[in-house]
There are 2 protein chains.
Amino acid sequence: MFGVFIGEHENKIDAKGRLSIPADFRRELEDGDPKWEPGKNASMLLVYGDHRRSHVEVMKITDMRDVYTKITRMPRGSIKRRDMERLYFQQALTATVDETGRIVLSARVRDKLGLDGTAMVVGNGSTFEIWKPETYAANDLSNLRDEDGYDPDLDPSVYLPGDDGDV
Amino acid sequence: MFGVFIGEHENKIDAKGRLSIPADFRRELEDGDPKWEPGKNASMLLVYGDHRRSHVEVMKITDMRDVYTKITRMPRGSIKRRDMERLYFQQALTATVDETGRIVLSARVRDKLGLDGTAMVVGNGSTFEIWKPETYAANDLSNLRDEDGYDPDLDPSVYLPGDDGDV
DNA sequence: TTGCTTCCCACAAAGTCCCATGCGATCCCT
DNA sequence: AGGGATCGCATGGGACTTTGTGGGAAGCAA
C-alpha cells in the first residue's frame, strides 16, 4: 500500500507446498513487476542463499533488475562479484502467484528451511521474508546480544537516529 | 489542529474490532498522508512491537517514510538495523480509517494488548498511542520513578527545557 | 503406471462496505 | 437570549466481498 512490505503473517503450507502470499504483499509485487497488468499474476524472485541463511528473501522484479545492474558494474571475476552472482543468480529462483494468490515452494526449499505445516511471511521494507515460525521466533534476541553495548531489554526505537543525525 | 496529537480519548471496540479514531486525530493523519485528498480516508502505521511494548504506537505515513530512509542508511545486516526492521516493518501493520472514521484492530493485536471492550487513544505529540485503559492507568507514574532523579510527585512541566536551552 | 505439477472449483472465516441511530455541540432565526 | 434545526461524531448492525485454505481433475514427465 505504501511501497513497502509491512507486517507478520503466519500462513499454512499444504501437502503440495503451496503458500498464500498475503494480499497486500501481492499488490506490492504486482506494482514491482514490469510485465504485470490487471488480471495477470505477479512474479517475484526468491533468494534462498546458502547454509548461512535460514530464511528466504523475496524481492520484487524491479529490485532484482537493480541488483543485476549493480552486479554487472562490479569488477569481473572479483570475489565479491562472484559471491553476489552466486547469491542472486544461483541460490535463487523465480515464482509467480497462482489464481488463488499462492506460490509453490519446492521440496528443496521447504527442506532447507525445515518448513512443515506453517510459514511466517514477514514484511521487511523493500523485501519480505519467509521463515519457519520457530526459527523466526528464536531469531529475536537470543543470539544477538553484546554487540557494542547492545541492550536486549531496551526498546529498539532508541536506536533511531535523531533528526540531527546523532546516536 | 496544531500538527500534534493531543488528548486522551476512551473509545469502544466492538465485536468486529473496530475502534473510532478521534476526529482531530484523523485530521492530523490526513495531513501526514501524502496520498490523501479530500473525500479519501487517511492511512497510518501501527507499531505494536514485541513483549516489551504494552501499547500500540500510531505514526503518520510521512513519519514512517522518514523512519524508512533512516533505517536504509544503517549498515545492512547490523544488529541495530535488524532491530529497527523488526520493530517498524515486522511488528507493525498499516491501517486505513473507514468511512465512519474507524480502524480495525485484528484479533492478534487486541489479544496482545488485552483489549476487550474499550481502548484509550492517547495523543503523544507527533504520534499517538492505543492502550488498554487499565494498563494505561497503571503505566502512568508507577514504573517511571528513579530514572536519573525523576520525581513522580513533581509537576512534569519542570522538565521542559527553558528558552536558554538548559536542562 | 507412478509421481509431480498446474489448473479449477468450493467454502468458511475474516474483512469491508453501506446504512442507521443517539447524542452533543453548533448554528441560525426570530 | 431562547428554541429549534442542523451538523458532526461515536457506535451498532446487516449484507456483501475478499482472503486463506482444502481438495479434485487434468496435464506432464519419468
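So you know, we letter chains A, B, ... as the sequences are listed, proteins then strands, and number each from 1.
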Checklist entry - In whole Å, what is the span from the CD1 atom of A/Ile103 to the C1' atom of C/dT6? => result 15 Å
Write out a two-atom table: protein N or O, nucleotide N or O from nucleotides 15-19 of chain D, distance below 3.5 Å.
| residue | atom | partner | partner atom | Å |
| --- | --- | --- | --- | --- |
| D/dT19 | OP1 | A/Arg27 | NH1 | 3.0 |
| D/dT19 | OP1 | A/Arg27 | NH2 | 3.4 |

Item to check | Whole-Å distance separating the CG atom of B/Asn41 from the C1' atom of D/dC9 | outcome: 15 Å
Checklist entry - Going by an N to O cut-off under 4.0 Å, is there a salt bridge joining B/Arg82 and A/Glu129? => result yes
Checklist entry - Is A/Arg26 salt-bridged to A/Glu30, going by a charged N under 4.0 Å from an acidic O? => result no
Item to check | Distance in angstrom units between A/Arg108 CZ and C/dT5 P, rounded | outcome: 12 Å
Checklist entry - What integer distance in Å separates B/Asp14:CG from C/dC18:P? => result 18 Å
Donor-acceptor pairs under 3.5 angstrom involving side-chain atoms of residues 111-118 of chain B: please list them, not counting sequence neighbours.
| residue | atom | partner | partner atom | Å |
| --- | --- | --- | --- | --- |
| B/Lys112 | NZ | B/Tyr48 | O | 3.1 |
| B/Lys112 | NZ | B/Asp50 | O | 3.0 |
| B/Lys112 | NZ | B/Arg53 | O | 2.8 |

Checklist entry - Nearest heavy-atom pair of B/Asp14 and B/Arg18: which atoms, and what distance? => result OD2-NE, 2.7 Å
Item to check | Side-chain donor-acceptor pair present, A/Ser54, A/Thr135, cut-off under 3.5 Å | outcome: no
Checklist outcome for this item: Taken to the nearest whole Å, CG/B/Leu93 to C1'/C/dG15 is 14 Å
Next on the checklist: Output the rounded distance in Å from NZ (B/Lys12) to C1' (C/dT21).
Outcome noted: 14 Å
Checklist entry - How do A/Asp98 and B/Glu99 order along DNA chain C: which one's closest nucleotide is nearer the 5' end? => result A/Asp98
Checklist entry - Looking just at side-chain N and O atoms, do B/Ser106 and B/Arg108 make a donor-acceptor pair shorter than 3.5 Å? => result no
Next on the checklist: Both A/Arg18 and A/His9 contact DNA chain D. Which one's nearest nucleotide lies toward the 5' end?
Outcome noted: A/His9
Checklist outcome for this item: Of the candidates C/dG15, D/dG22, D/dT11, the side chain of B/Arg102 sits closest to D/dT11
